[in-house]
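Heads up, the thing below is written out as structure tokens.
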Amino acid sequence: MEYRQLGASGLKVPVLSFGTATFGGGNEFFKAWGETQLDEAKHLINLCLDAGVTLFDTANVYSRGVSEEILGQALEGIRNQVLISTKATFKMGDGPNDYGSSRLQLIKQCEDSLKRLKTDHIDIYHMHGFDGNTPVEETLKSLDNLIQSGKVRYIACSNFSGWHLMKSLSTSEKYGWSKYIAHQAYYSLLDREFEWELMPLGIDQHIGTIVWSPLASGRLSGKYRRNQPRPADSRDQKGGHHGPDLNEERLYNIIDALDEVAEETGKSVAQVSINWLLQRPTISNIIIGARNEEQLKQNLEAVGWNLTTDQVKKLDAASVTDPVYPYWHQRQDTTLVPLPEFY
């Protein structure tokens, strides 16, 4: 397993982490992801540890805390061997203060997560989304206090826009508070908008990227094929997908290119999709999920080898999208706003 520095911090993380949103299946949305219970969770975690995957990602909102509970029970006795990432911000109740990133909510949700996870600290604590109702000073001061108390080691964000993240970084720097070291973001061959602003920001500000949904809700898993029905057991078909409406022609053009590269490398479509991500700028870690042992073992085989530059270029060409304003305008003269160096 390869380890990379997470942003500008001293923390090293494996390039793959295991996402536990499949643990529990507490409602219809999360049942579409998976319904892994404790015994199977322990088995999957042991497979991860055998492969060098020591970072486990969850969130308070995953099945309303059930994912954290199962992960906490599964890690009993081995907590000091692993890193835990969890999140706050999204709705955890029906009250007016049961969501967001206010001081009241963050302290409560952090303490609740610690109890469910059966631990005294969270290694990476993410803001699951940006809270535009709470002053960033309140959020970041609260997070800095959690770090000073020893309950949190590092802070990160997820699903922020570029100005959300830059404003947060600037505020932390102004007051000498702890900064976000990573951004957990949606990125894949199918969804490359991350490259337009968030990747250049990450390069400039030394923010590590943790990728969620690297297979685009299973669309890049190898199960989707041109002129064939969508797989009935897919997360997409069960209502658990993310992202905008699917452009099927573009998807199948990408899959055609993936098939060619998979044949050249002797790897699966999913493994090629993940390996492509590992060669992009700012990428520190990719969250892989699995509903069973077979899926997990397949995804673990995405590391330990690299696509050639020509293969990466082939996948880039098949998945390129026209950027929206102002990015298409900026790309008229890349001497002023250089693109990230991919090759």
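This structure is a prediction, so every number in the text was calculated from the model and none was measured.
- Leu38 approaches Ala74 most closely through the heavy-atom pair CD1-N, 3.7 Å.
- Hydrophobic cluster membership of Trp196, counting Ile, Leu, Val, Met, Phe, Trp and Tyr whose side-chain heavy atoms lie under 4.5 Å apart directly or via other members: Val324, Tyr327.
- By the 4.5 Å heavy-atom criterion applied to side chains, Phe342 and Val312 are not counted as neighbours.
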>> Assess the residue pair Gln295 and Asn292 against the criterion (side-chain contact (heavy atoms from CB on, under 4.5 Å)); give the C-alpha distance rounded to whole Å, side-chain angles, the decisive distance to 0.1 Å, and a yes or no.
In response: CA-CA 6 Å; Gln295 287 182 349; Asn292 53 57; 3.4 Å; yes
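- Heavy atoms only, all atoms of each residue included: Cys110 and Val152 are closest at SG-CG2, 4.0 Å.
- Between Lys314 and Asp310 there is no salt bridge, since no side-chain N of the basic residue sits under 4.0 Å from a carboxylate O of the acidic one.
- Under a 4.0 Å N-O distance rule, the pair Lys297/Glu301 does not qualify as a salt bridge.
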> Between Ile84 and Leu75, is a side-chain contact (heavy atoms from CB on, under 4.5 Å) present by the stated rule, with each step listed?
Replying inline: CA-CA 10 Å; Ile84 294 177; Leu75 293 177; 3.7 Å; yes
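- Residues Val320 and Leu315 fall into different hydrophobic clusters, defined by Ile, Leu, Val, Met, Phe, Trp and Tyr side chains chained together at heavy-atom separations under 4.5 Å.
- Listed by first and then second residue, the salt bridge (Lys or Arg N to Asp or Glu O under 4.0 Å) pairs involving residues 194-204 are Arg192-Glu195, Glu195-Arg280 (not counting sequence neighbours).
- The ring-ring contact (aromatic ring centres under 6.0 Å, His included) check on Tyr180 picks up Phe160, with sequence neighbours excluded.
- The ring-ring contact (aromatic ring centres under 6.0 Å, His included) test applied to Tyr175 returns Trp177, not counting sequence neighbours.
- Closest heavy-atom contact between Pro214 and Ser188: O-CB, 3.3 Å.
- Contact record, Ile288 with Leu296: CD1-CD1, 4.0 Å, taken as the closest heavy-atom pair.
- A salt bridge between Arg4 and Glu2 is present, with a side-chain N of the basic residue lying under 4.0 Å from a carboxylate O of the acidic one.
- Linking Ile, Leu, Val, Met, Phe, Trp and Tyr residues whenever their side-chain heavy atoms come within less than 4.5 Å places Leu44 and Met1 in a single cluster.
- Legend: residues meeting salt bridge (charged side-chain N to carboxylate O under 4.0 Å, His left out) with Lys267, ordered by chain and number and at least two apart, are absent.
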List the atom pairs, donor and acceptor, that lie under 3.5 Å between side-chain atoms in residues 51-62 and the rest of the protein, sequence neighbours left out.
unit_1	atom_1	unit_2	atom_2	d
Asp57	OD1	Ser85	OG	2.8
Asp57	OD1	Lys87	NZ	3.2
Asp57	OD1	Gln184	NE2	3.3
Asp57	OD2	Lys87	NZ	2.7
Thr58	OG1	Thr20	OG1	3.3
Thr58	OG1	Ser67	OG	2.8
Asn60	ND2	Gln109	OE1	3.2
Tyr62	OH	Lys87	NZ	3.3

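- Across all their heavy atoms, Met92 and Gly65 have their closest contact at CE-N, 4.3 Å.
- Aromatic ring centroids of Tyr187 and Trp276 lie under 6.0 Å apart.
- Sorted by first then second residue, the side chain to side chain donor-acceptor pair (under 3.5 Å) pairs that include residues 88-100, not counting sequence neighbours, are Thr89-Ser101.
- Shown here are the salt bridge (charged side-chain N to carboxylate O under 4.0 Å, His left out) partners of Glu341, two or more places apart in sequence or in another chain: there are none.
- Of all the heavy atoms in Ala270 and Asn299, the pair that sits closest is CB-OD1, 4.3 Å.
- The closest side-chain heavy-atom distance from Val269 to Ser273 is below 4.5 Å.
- At most 12 heavy atoms of other shown residues, nucleotides or ligands fall within 6.0 angstrom of atom OH in Tyr325.
- In summary, Glu111 and Lys151 engage in a salt bridge, as defined by a charged side-chain N under 4.0 Å from a carboxylate O.
- Contact annotation: the side chain of Asp191 approaches that of Tyr186 to within less than 4.5 Å [non-hydrogen atoms, C-beta and beyond].
- Listed by chain and residue number, Arg226 satisfy the side chain to side chain donor-acceptor pair (under 3.5 Å) test with Asp256 (two or more places apart in sequence, or in another chain).
- The closest side-chain donor-acceptor pair between Asn145 and Ser142, if any, does not fall under 3.5 angstrom.
- Residue pairs meeting the salt bridge (Lys or Arg N to Asp or Glu O under 4.0 Å) criterion with at least one partner in residues 168-184, sequence neighbours excluded, are Glu173-Lys179.
- In summary, Arg225 and Asp259 engage in a salt bridge, as defined by a charged side-chain N under 4.0 Å from a carboxylate O.
- For Tyr252, there are no ring-ring contact (aromatic ring centres under 6.0 Å, His included) partners at least two apart in sequence or on another chain.
- Scored by the ring-ring contact (aromatic ring centres under 6.0 Å, His included) test, Trp305 finds no partners at all (sequence neighbours excluded).
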